[in-house]
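Notes follow the structure.
As the structure is a computational prediction, the values presented were derived from the model and not from experiment. Below, each value reflects all heavy atoms present in this structure, side chains not excepted, and no hydrogens, waters or symmetry copies. All ligand and atom numbering here is 1-based and tracks the order in the structure.
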Amino acid sequence: MHAETTKEQKTAALAAFKDLAREPGVPKPDPILVVDNVVRRFGGLTAVEVEHVEVQRGSITALIGPNGAGKTTFFNQLTGFDTADSGQWTFNGRNMNGVPAHKVARSGMVRTFQLTKALSKLTVLENMRLGAQAQKGETFWRALVPSLWRGQEDEITERAEELLTRFKLDAKRDDFAGSLSGGQRKLLEMARALMVRPELVMLDEPMAGVNPALTQSLLGHVKDLREQGMTVLFVEHDMDMVRDISDWVIVMAQGNVIAEGPPDTIMSDSRVIDAYLGAHHDAPLSEDELEQQLHEAEEELVAENEEEAKK
Ligand SMILES: Nc1ncnc2c1ncn2[C@@H]1O[C@H](COP(=O)(O)OP(=O)(O)O)[C@@H](O)[C@H]1O
Ligand SMILES: [Mg+2]
């Protein structure tokens, strides 16, 4: 039954893409997100310069592109974590430029981070409750109406526990987030994002640094989001995973959207091949990239230790 529904969702999503032109910026039949002319510069570097792109409601759309293409920066603009130099975008038809991150989340558009932001000195449950922050009303009102406040707190804890069970983290609810493995932290971050009952979930490299044992489980959870009616936009490097779970692929290079198409054909698109071959691998690493590499090295060590421990 579970598999049947997934299949139906997938069929519906694929049908929406069937007759679309494989062109950057192609309009979608029912877009949840529409982006126009978003530009973000860092000094002389134009990190993002997206002319037009749309994300189809109910789909799993992958955002791929070589390192430094501007994917994370683009996510930051859209979700209010950074301010675009210019441009506009609508989520569910509502203009979102200049809307701060917590309000973006409250309106139903949440993102997770390439480097997990789980707070290590808080427990798993506390992290989840923090995820609901965006959902809460004004602190001012809550202070005035304690009974209402308590009611909402109960509801939040209940939802947190429900999600922790779904993500198989319930046994860890009182452990510090810092004690979780890299993969469990990714699961916690995804679960936490769902506290606001989002319509659009944006995942920045959800599989990065996750050891293979947890990869399938994470992929399953991403598919589940679509099954529950959410739209997913995710950044991923591994093309096997992209092929496995996405209905549509958007390719960025040097800040622009340079190609779009179904996953099984996109990697043979000459624009995509050129973008990957032409990517500068000799450029100095940014702080983010350095941090990412450190993070990956740490994960590898942890995975190795776990392997060792099993012997
Ligand atoms: N805060 C920042 N300050 C200066 N340059 C940045 C900053 N964030 C990102 N960049 C640069 O913008 C470009 C795009 O980076 P990013 O969005 O992280 O790419 P991706 O996520 O596709 O790997 C890179 O050249 C990166 O070094
Ligand atoms: Mg990135």
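Remark: Asp240 engages Arg243 in a salt bridge, criterion side-chain N to carboxylate O under 4.0 Å. Salt bridge present: Arg40 and Asp82 bring a charged side-chain N and a carboxylate O closer than 4.0 Å. Between Arg226 and Asp247 there is a salt bridge, since a side-chain N of the basic residue sits under 4.0 Å from a carboxylate O of the acidic one. Using a cutoff of 4.0 Å between basic side-chain nitrogens and carboxylate oxygens, Lys71 and Glu236 are not scored as salt-bridged.
Less than 4.0 angstrom separates some heavy atom of Ala47 from each of these atoms of ligand 1: 12 (O), 13 (C). Close contacts between ligand 1 and Asn67 involve ligand atoms 23 (O) [criterion: under 4.0 Å to a heavy atom]. The distance from ligand 1 to the heavy atoms of Ala69 drops below 4.0 Å at these ligand atoms: 19 (O), 20 (P), 22 (O). Every atom of ligand 1 with a heavy atom of Leu45 under 4.0 Å away is listed here by number and element: 11 (C), 12 (O), 13 (C), 25 (O). Residue Thr73 has at least one heavy-atom neighbour below 4.0 Å for each of these atoms of ligand 1: 9 (C), 14 (C), 15 (O), 16 (P), 17 (O).
In this structure, Trp248 and Phe17 have parallel ring planes: the angle between them is below the 30° cut-off, well short of the 60° mark.
Backbone and side-chain nitrogen or oxygen atoms of Gly68 are examined, and one is located within less than 3.5 angstrom of a nitrogen or oxygen of ligand 1.
The closest heavy-atom contact to atom 21 (O) of ligand 1, among the options Asp204, Asp82, Asn76, Thr72, comes from Thr72.
Glu54 places a side-chain N or O within 3.5 Å of a backbone atom of Lys28 that can act as its donor or acceptor partner.
At least one heavy atom of Gly70 sits closer than 4.0 Å to an atom of ligand 1.
Looking at heavy atoms from C-beta onward, Met207 lies out of side-chain contact with Leu214 at the 4.5 angstrom threshold.
With 2.8 Å as the limit, Thr72 counts as an N, O or S neighbour of the Mg ion (ligand 2).
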